[in-house]
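To start, the structure under review is shown below, and the notes come after it.
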Amino acid sequence: MTRPWFAPEVFASHAWRFADASRILSDGGSPPKGECTAYVSGLVLARNVTVQRRTVGGTPPDGSFGFVPVQTNSAAEMMTAPLSARVTDAPVSGVVPVPAIRRSVEVREGPPIIWKPGPQPVPNPPVVTTTDPGDVFVLAFQCRTLPKAPDPTPAIAQQAPVARVYKVVSGDSLGKIAARFYGNAGLWRKLYAANKPVIGKDPNKLKVGQKLTIP
């Protein structure tokens, strides 16, 4: 997948860096971390897609998992649970015996519990849907991971950024200037903090001709 404006080799170049040295597209790790760790290099397309859906009809029978009980015993016929107490053996090494309570359970024989499979649901005919022959669908993206980017040479990495200066024109606001330079009007506070001595106490009152530093 190619785009005339896109040159992926720029990511591997050692001749650039962001003005903000803390910004990083990819750290080159595994898995990579950063603002943009991969880019799309190809697509997986499909057309004339046939989808087959199978539904199950019918009403499930009463009982658990399609089984119906035929005959069961009542709780009174099944068991009794009297309580009895006994005392432990004689004390050993000065240990005082403690009465222990146990529950004895008597189970009486009765008619067996018989289970048999209940009626099973009958599946409906499958529903088949085919897409229009002219429709093309994107099934997946093929992506390539970025190397460490930016990864400038030491001389560029240590070079101090050049301060930019902007001259205020009619209709300007800190939000408009931030959107122009940072792509985000919400960063106007960054501009104000850097130019408060020039702007004054009110960030909304810019004067035409003021020279603002763009950090």
Side-chain angles (χ1 to χ4, degrees), residues 1-70 72 113-153 156-157 161 164 166 171-191 214-215:
M1 180 176 177
T2 60
R3 289 148 323 244
W5 51 268
F6 181 67
E9 55 270 15
V10 71
F11 299 124
S13 172
H14 301 288
W16 67 279
R17 69 177 177 83
F18 288 113
D20 182 355
S22 64
R23 291 189 61 190
I24 184 169
L25 295 180
S26 175
D27 63 358
S30 179
K33 296 179 181 179
E35 297 180 22
C36 178
T37 59
Y39 63 91
V40 177
S41 60
L43 301 175
V44 178
L45 306 176
R47 62 181 179 180
N48 294 330
V49 179
T50 299
V51 180
Q52 185 176 28
R53 300 180 179 88
R54 185 178 299 275
T55 59
V56 178
T59 302
D62 295 333
S64 300
F65 304 104
F67 290 88
V68 180
V70 176
T72 61
I113 300 175
I114 303 174
W115 296 82
K116 70 176 182 178
Q120 299 300 311
V122 179
N124 293 330
V127 178
V128 179
T129 304
T130 303
T131 60
D132 189 278
D135 292 340
V136 179
F137 298 88
V138 177
L139 296 185
F141 293 98
Q142 295 176 335
C143 297
R144 292 187 179 180
T145 56
L146 269 63
K148 183 178 180 181
D151 187 19
T153 59
I156 296 177
R164 294 169 292 180
Y166 176 76
D172 267 342
S173 67
L174 290 179
K176 290 181 179 180
I177 299 173
R180 176 176 177 179
F181 285 95
Y182 303 133
N184 186 352
L187 295 177
W188 66 267
R189 292 181 178 84
K190 182 177 180 179
L191 290 176
I214 310 299

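In this text the structure is predicted, and so the values were computed from the model without any measurement.
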Distance from D151 atom CG to W16 atom CH2, nearest 0.5 Å? 10.0 Å

Candidate pair I214 and I177, rule side-chain contact (heavy atoms from CB on, under 4.5 Å), full reasoning: CA-CA 9 Å; I214 310 299; I177 299 173; 4.0 Å; yes

Please find the pair of heavy atoms, one from P8 and one from Y39, that lie closest to each other, and give the distance. CB-OH, 3.4 Å

Looking only at non-hydrogen atoms, find the nearest pair between P133 and N48 and report the distance. CA-OD1, 3.1 Å

What is the ring orientation for F11 with F6, classed by angle as parallel under 30°, tilted 30 to 60°, or perpendicular over 60°? tilted

Any non-hydrogen side-chain atom of P215 less than 4.5 Å from a side-chain atom of F181? no

side-chain contact (heavy atoms from CB on, under 4.5 Å) against Q52, all qualifying residues, sequence neighbours excluded: R54, P126, V128

So does S173 get a backbone contact from the side chain of W188, meaning a donor-acceptor N/O pair under 3.5 Å? no

Quick one: side chains of residues 137-149, donor-acceptor pairs under 3.5 Å with protein atoms, not counting sequence neighbours, listed by atom name and distance.
none

Give a yes or no on whether the backbone of G171 and the side-chain of K176 come within a donor-acceptor separation of less than 3.5 Å. yes

Expected list for residues 22-38: side-chain donor-acceptor pairs under 3.5 angstrom, two or more places apart:
| unit_1 | atom_1 | unit_2 | atom_2 | d |
| --- | --- | --- | --- | --- |
| S22 | OG | D20 | OD1 | 2.7 |
| S22 | OG | D20 | OD2 | 3.2 |
| R23 | NE | E35 | OE2 | 3.1 |
| R23 | NH2 | E35 | OE1 | 2.9 |
| S26 | OG | G28 | N | 3.1 |
| D27 | OD1 | G29 | N | 2.9 |
| D27 | OD1 | K33 | N | 2.9 |

As an exercise, state the distance from OH of Y166 to CG of L191, rounded to the nearest 0.5 Å. 10.5 Å

